[in-house]
Number of protein chains: 2
Amino acid sequence: MSEKKRGRPRAFDAKVTLEKARDVFWDRGFAGTSLDTLSAATQLNRPSLYGAFGDKEALYLDVMEAYRAESMDVLADALDLSLPLRDNLANVYKGALKIYLHGETAARGCFLISTATAEAIQHERVRELLRRSLEDFDSAIEQRMALAVERGELPDGSDVHMLARLASAVMHSLAVRARAGDSRKTLEALAQSGVDMICGKA
Amino acid sequence: MSEKKRGRPRAFDAKVTLEKARDVFWDRGFAGTSLDTLSAATQLNRPSLYGAFGDKEALYLDVMEAYRAESMDVLADALDLSLPLRDNLANVYKGALKIYLHGETAARGCFLISTATAEAIQHERVRELLRRSLEDFDSAIEQRMALAVERGELPDGSDVHMLARLASAVMHSLAVRARAGDSRKTLEALAQSGVDMICGKA
DNA sequence: CTCATTTTGTACCGTTTCGCATAAAATAAT
DNA sequence: ATTATTTTATGCGAAACGGTACAAAATGAG
């Protein structure tokens, strides 16, 4: 698949480097993160970073895309079709909180909502990728909701389009509140209420 | 009320200055806004800014607090007690969208969610003020919900605490999605669905 | 072995950044 | 008028910033 290249081989794994870069961006934001900080965190000097990913914005966009892709994977796992919709949704929120509540000094929230929103005005490509990321997430949930109607888990004629976006809305709020320092208990209560709201208070 | 001070009088209105500073922070974020940019936008040279508000973080905190206070005023207006809860909630979202969809190059979203979240990890005071701002908003809505139960607008035994936080959650999502570039139509549909979800699909 | 190719590391460039030192300007008090 | 007090304006300076030039190092090809 990947032929061995000609010149000096890379001394780093691009995927791991993106994760390290992601973590500093996550804590400090895009504008608040210097290339020096990124260089230290990734253990790559700036020319290597530049050669591998381009300038700071290009690196950030790569990180965004990796986060989007991984989020979709996590979502797909949570939406295990062998489980009822209620459990699926609970798992989506549970998985989100597991990510959001991680953090050394404070809970870090969602990478996109916490850091990409800030840049969305000045950097059009960030805004566009953010929009698409949210949309993809909504669509995957909507698809599961449509199946739920077929299976009789949701009433016939349910507006699955809006229901999915309401389900996402709860997650967006979890992200914001986690970053603001709300307690795990508080957030889990909101998640539970979200599930009840969408699936009915069982 | 305000005695005339001794020295040279200020050539600017602090409130207006805070609004101008807020607008540049809103577009570019805290870390992405330089003192030069702030100086140009407020038409104050840096030493004047520094003398009046302190350093960049102190200025930003002042802007945050002003935004929080104004948001609570807008919310109080939307929660006009002479109207039904359904109309109140619709007005809350309508008022939010009016603010969020404003913007020269792109919709700016919510000032706090778009810019304060990014700084919340590194700047504890930002995080704390953000948390308190969200909480105040939740509490005001909860208070209105409690009245709604008394008035029979909501079923007896409704969990007004969680209902209020779900209502806020929809607004948080509107904020994120507006910043991401979602259309007015899309956002208005989500707002409508939020109202229906909380108040029942009338 | 020799050469072409790619990555790495050092060092550097010009610019921007934040914050302050200092002096001029504008007012109230005396 | 003189003085004390506060704000304004110019300009400085040390540090950090993003980005790159350049040569050394490490590999494959011939």
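The structure presented is a predicted model; accordingly, all values stated were derived computationally and were not measured. Here is how names work: the chains are called A, B, and so on, in the same order as the sequence lines, proteins then strands, and each is numbered from 1.
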Visitor: Which nucleotide wins on minimum distance to the side chain of B:R46, given the candidates C:dT8, C:dA21, D:dC12?
Guide: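 Out of C:dT8, C:dA21, D:dC12, the nucleotide with an atom closest to B:R46's side chain is D:dC12.
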Visitor: Considering only D:dT5, C:dC18, C:dT10, which nucleotide approaches the side chain of B:R6 most closely?
Guide: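 Between D:dT5, C:dC18, C:dT10, the one nearest the side chain of B:R6 would be D:dT5.
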Visitor: May I ask you to say what B:A52 touches in the nucleic acid, namely base, sugar-phosphate or nothing, with a heavy-atom cut-off under 4.0 Å?
Guide: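 No contact.
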Visitor: What's the spacing between A:W26 CH2 and A:H102 NE2 if we round to 0.5 Å?
Guide: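 Nearest 0.5 Å value for the CH2-NE2 distance: 9.0 Å.
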Visitor: Could you state the CZ-P distance from B:F12 to D:dT6, rounded to the nearest angstrom?
Guide: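 After rounding, the reported distance stands at 15 Å.
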Visitor: Measuring to OP1 and OP2 of D:dA9, would you say a side-chain N or O of B:N45 lies under 4.0 angstrom away?
Guide: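 Result: yes.
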Visitor: Report the relative orientation of the aromatic rings in A:F111 and A:Y60; use parallel for angles under 30°, tilted for 30 to 60°, perpendicular for over 60°.
Guide: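 Ring orientation of A:F111 relative to A:Y60: tilted.
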Visitor: I'd like to know if A:R125 pairs up with A:E57 as an ion pair, taking the criterion as any Lys NZ or Arg NE/NH1/NH2 lying under 4.0 Å from an Asp or Glu carboxylate oxygen.
Guide: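 Not counted as a salt bridge, because no side-chain N and carboxylate O are separated by less than 4.0 Å.
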Visitor: Rounded off to whole Å, could you give me the CZ-to-C1' distance for the B:F30 and C:dC18 pair?
Guide: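 Going from CZ in B:F30 over to C1' in C:dC18 covers 11 Å.
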Visitor: Taking CD from A:Q43 and C1' from C:dT8, how many angstroms apart are they, rounded to a whole number?
Guide: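 For the pair A:Q43 CD and C:dT8 C1', the rounded distance is 14 Å.
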Visitor: Are B:R10 and D:dT7 close enough that a side-chain N or O sits under 4.0 Å from OP1 or OP2?
Guide: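 For B:R10, the contact criterion (side-chain N or O under 4.0 Å from OP1 or OP2 of D:dT7) is met.
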Visitor: Starting at CZ of A:R8 and ending at C1' of D:dA23, how long is that distance when rounded to a whole Å?
Guide: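 The distance from CZ of A:R8 to C1' of D:dA23 comes to 12 Å, rounded to the nearest Å.
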Visitor: Please tell me which of B:A31 and B:G7 maps to the more 5' nucleotide of DNA chain C, matching each residue to the nucleotide holding its nearest heavy atom.
Guide: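 Checking each residue's closest nucleotide, the 5'-ward one belongs to B:A31.
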Visitor: Within less than 4.0 Å of OP1 or OP2 of D:dA16, is there a side-chain N or O belonging to A:S34?
Guide: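 Checking D:dA16 against A:S34, no side-chain N or O comes under 4.0 Å of OP1 or OP2.
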Visitor: Take the protein atom CG of B:L38 and the nucleotide atom P of C:dG19, then report the distance between them rounded to whole Å.
Guide: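 Rounding to the nearest Å, CG of B:L38 and P of C:dG19 are 11 Å apart.
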Visitor: On DNA chain D, nearest-nucleotide positions of A:E57 versus B:A11: which is more 5'?
Guide: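 By nearest-heavy-atom nucleotide position, the 5'-most residue is B:A11.
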Visitor: So A:T37, base contact, sugar-phosphate only, or nothing? Heavy-atom distance under 4.0 Å.
Guide: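 If one applies the 4.0 Å heavy-atom cut-off, A:T37 turns out to touch nothing in the nucleic acid.
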Visitor: Just do the side-chain contact (heavy atoms from CB on, under 4.5 Å) check on B:K20 and B:Q43 with the steps written out, would you?
Guide: CA-CA 9 Å; B:K20 290 176 178 172; B:Q43 289 158 311; 3.3 Å; yes
Visitor: Any idea which heavy atoms bring A:A167 and A:Y93 closest together, and the distance?
Guide: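 For A:A167 and A:Y93, the tightest heavy-atom pair comes out as O-OH, 2.8 Å.
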Visitor: Is A:S39 touching bases, backbone alone, or none of the nucleic acid, heavy atoms closer than 4.0 Å?
Guide: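 Counting heavy atoms under 4.0 Å across all strands, no contact is made by A:S39.
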Visitor: How many whole angstroms separate atom CG of B:L49 from atom P of D:dT8?
Guide: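 It works out to 10 Å between those atoms.
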Visitor: Given D:dT20, is OP1 or OP2 found less than 4.0 Å from the side-chain N or O atoms of A:Y50?
Guide: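 Yes.
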Visitor: Expressed as a whole number of angstroms, how long is the span from A:K56:NZ to D:dG18:P?
Guide: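 My rounded result for the distance is 5 Å.
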Visitor: B:D36 has an atom CG; how far is it from atom C1' of D:dT10, in whole Å?
Guide: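 After rounding, the reported distance stands at 14 Å.
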Visitor: When the nearest nucleotide of DNA chain C is assigned to B:D55 and to A:G51 on a heavy-atom basis, which residue is associated with the more 5' position?
Guide: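 Checking each residue's closest nucleotide, the 5'-ward one belongs to A:G51.
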